[in-house]
Protein chains: 2
Amino acid sequence: MEQAQELFKTFLHDHGQKYTEERRIVLEVIESFDRPFEAEELLLALRRQQHRVSKATVYRTLKHLVECLLVNQIFFGTGKQSYYDFVGTQRGHDHLVDVQTGKIIPFSSPEIAALRDRIAREMGFTPVAHRFQILGKPTGNPREAH
Amino acid sequence: MEQAQELFKTFLHDHGQKYTEERRIVLEVIESFDRPFEAEELLLALRRQQHRVSKATVYRTLKHLVECLLVNQIFFGTGKQSYYDFVGTQRGHDHLVDVQTGKIIPFSSPEIAALRDRIAREMGFTPVAHRFQILGKPTGNPREAH
DNA sequence: CTAATTGCAAAGACTTTGCTGTGCT
DNA sequence: AGCACAGCAAAGTCTTTGCAATTAG
């Protein structure tokens with residue numbers, strides 16, 4: 001069994017909850033995403049793969065995954081829905097948001113992580129996660145359309 | 001007239017929009033907040049000061065303020081609503097979120113701003129704003145309640 | 001003057017919840 | 001048996017929008 005599944009199973013068990021087939025499938029599909037996704041995308045991906053998991057279960061499972069830190073819940077403000085980001089992947093989990101198109105570009109910055117740890121410690125906290133977004137416009141396009 | 005009001009007025013004018021009394025009042029009240037606030041809080045503060053501004057106008061005005069970068073819209077995920085942060089204040093605009101209580105503590109980090117500028121440039125973007133949140137739990141309270 | 005704005009209530013988008021029947025353990 | 005679950009549809013929360021009257025420039 002993969003590491004993320006193991007972690008999830010243990011987390012659920014420790015909280016008196018069950019590692020059900022639906023939850024396993026949801027995490028499995030999430031692991032296949034290579035960028036932040038919306039709840040609706042996840043639901044569609046499940047359906048495409050012939051898995052019958054209800055919307056309610058998807059939302060409930062996402063909540064559990066966020067709690068156990070396997071998934072980071074992010075709000076970009078490009079719509080009103082949440083995005084979810086599977087933390088197990090190798091790619092970056094910080095994001096640049098193109099304010100002109102709403103496109104989200106993940107990147108990685110070890111400096112951010114180091115800064116996060118230092119700042120949290122200085123403020124008397126133990127860091128659990130962070131969210132870092134840069135809003136920007138493509139250089140060379142400095143003019144705004146009125 | 002204060003600087004923020006000037007900026008707002010100019011922004012509105014440049015976009016063929018009007019600097020109305022309602023918009024002036026909304027910005028005025030926003031300037032009095034010393035931490036991120038919700039739309040509802042703003043509405044209540046307006047009412048408390050005997051100002052009759054509708055909810056629709058509050059939301060519409062917030063949207064304009066966000067567009068002209070006087071206000072940063074932030075999503076903490078502690079509820080499903082947006083928070084708004086007036087950028088004109090001196091205090092920090094990065095935030096530490098206590099995951100145990102949901103409390104939001106602003107802080108300031110020049111390094112984050114520098115990092116933001118460098119990363120955006122390297123990726124071919126001009127930074128417009130950023131959002132940085134650290135989720136953490138108070139040190140010395142490492143144990144989670146089950 | 002006349003396009004932009006306001007307030008209100010209704011509509012909308014996304015998420016959560018109550019309930020009923022199932023399934024682990 | 002006994003608690004946790006899944007699915008469904010209804011309810012909820014926050015935000016946006018249509019419309020008629022009003023106002024800034």
Side-chain angles (χ1 to χ4, degrees), chain A residues 8-30 36-44 46-47 50-68 71 73-84 102 146, chain B residues 1 5-6 8-30 36-47 50-68 71 73-84 102 146:
Chain A
F8 192 29
K9 183 172 180 178
T10 302
F11 171 85
L12 289 170
H13 181 262
D14 290 353
H15 289 250
Q17 300 178 328
K18 295 172 183 172
Y19 180 63
T20 64
E21 179 62 8
E22 285 84 355
R23 291 175 179 175
R24 192 189 66 69
I25 294 285
V26 168
L27 177 51
E28 183 176 303
V29 172
I30 285 176
F37 57 92
E38 306 159 27
E40 189 65 21
E41 274 179 83
L42 174 53
L43 197 59
L44 290 177
L46 285 160
R47 296 255 185 284
Q50 318 293 330
H51 294 124
R52 206 156 295 281
V53 181
S54 72
K55 179 175 293 193
T57 295
V58 164
Y59 275 106
R60 287 192 274 235
T61 303
L62 280 170
K63 181 175 281 189
H64 291 135
L65 288 167
V66 168
E67 274 171 31
C68 80
V71 168
Q73 185 173 6
I74 313 177
F75 310 82
F76 290 112
T78 50
K80 40 186 132 179
Q81 76 285 67
S82 287
Y83 280 77
Y84 298 88
H146 288 190
Chain B
M1 188 190 278
Q5 293 284 357
E6 286 284 12
F8 193 29
K9 183 173 180 178
T10 302
F11 172 85
L12 289 170
H13 181 263
D14 290 353
H15 289 250
Q17 300 179 326
K18 295 170 182 172
Y19 181 63
T20 65
E21 179 62 7
E22 285 85 355
R23 290 175 179 173
R24 191 188 66 68
I25 293 287
V26 168
L27 177 50
E28 183 175 304
V29 173
I30 285 176
F37 58 92
E38 306 160 27
E40 190 65 22
E41 273 179 83
L42 174 51
L43 197 58
L44 290 176
L46 285 160
R47 296 256 186 285
Q50 316 295 330
H51 294 123
R52 205 156 296 282
V53 181
S54 72
K55 179 176 292 191
T57 294
V58 164
Y59 275 106
R60 286 190 277 234
T61 303
L62 281 169
K63 182 175 280 189
H64 292 135
L65 289 166
V66 168
E67 275 172 29
C68 79
V71 168
Q73 185 173 7
I74 312 177
F75 311 82
F76 290 112
T78 49
K80 42 185 131 181
Q81 76 284 66
S82 286
Y83 280 76
Y84 298 88
H146 286 191

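In what follows, every chain begins at residue 1, and chains take the letters A, B, ... in the order their sequences are listed.
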Less than 4.5 Å apart, any side-chain heavy atom of [X] and any of [Y]?
X: A:L62; Y: A:L42; value: yes
X: B:Q5; Y: B:E28; value: yes
X: B:H64; Y: B:H15; value: no

Show, in sequence, the C-alpha distance, side-chain angles and deciding distance for B:H13 and B:T10, and conclude whether the side-chain contact (heavy atoms from CB on, under 4.5 Å) test is met. CA-CA 5 Å; B:H13 181 263; B:T10 302; 5.7 Å; no
Hey, mind stepping through A:F8 and A:T61 against side-chain contact (heavy atoms from CB on, under 4.5 Å) and telling me if it holds? CA-CA 10 Å; A:F8 192 29; A:T61 303; 4.1 Å; yes
[X] has an atom [atom1]; how far is it from atom [atom2] of [N], in whole Å?
X: B:K9; N: D:dA24; atom1: NZ; atom2: C1'; value: 11 Å
X: A:Q73; N: C:dT16; atom1: CD; atom2: P; value: 7 Å
X: A:Q81; N: C:dT16; atom1: CD; atom2: P; value: 13 Å
X: A:E41; N: C:dC14; atom1: CD; atom2: C1'; value: 14 Å
X: A:F75; N: D:dT13; atom1: CZ; atom2: C1'; value: 14 Å
X: B:E38; N: D:dT13; atom1: CD; atom2: C1'; value: 12 Å
X: A:H15; N: D:dC5; atom1: NE2; atom2: C1'; value: 17 Å
X: A:H51; N: D:dG7; atom1: NE2; atom2: C1'; value: 17 Å

How does each nucleotide of nucleotides 1-9 of chain C score, in 5' to 3' order, for protein heavy atoms under 4.0 Å: base (B), sugar-phosphate only (S), or none (-)? --BSSBBB-
Does a side-chain N or O from A:S82 land closer than 4.0 Å to OP1 or OP2 of C:dT15, or not? yes
Any B:Y59 side-chain nitrogen or oxygen under 4.0 Å from OP1 or OP2 of D:dT15: yes
Picking from D:dG12, D:dT15, D:dT16, which would you name as closest to the side chain of B:K63?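 For B:K63, the side-chain atoms sit closest to D:dT16.
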Roughly how bent is the helix from C:dC1-D:dG25 to C:dT25-D:dA1 end to end, in steps of 10 degrees, with each end axis from five pairs? 40°
Apply side-chain contact (heavy atoms from CB on, under 4.5 Å) to A:E22 and list each qualifying residue two or more places apart in sequence or on a separate chain. A:T20, A:V53, A:T57
Check this for me: does any side-chain nitrogen of one of B:E6 and B:K9 sit under 4.0 Å from a carboxylate oxygen of the other? no
Please identify which of these residues, A:F37, A:Y83, A:Y84, meets the ring pair (Phe, Tyr, Trp, His ring centres under 6.0 Å) condition with A:F76.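 Only match with A:F76 under ring pair (Phe, Tyr, Trp, His ring centres under 6.0 Å): A:Y83.
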How are the rings of A:F75 and B:F75 set relative to one another: parallel (under 30°), tilted (30 to 60°) or perpendicular (over 60°)? parallel
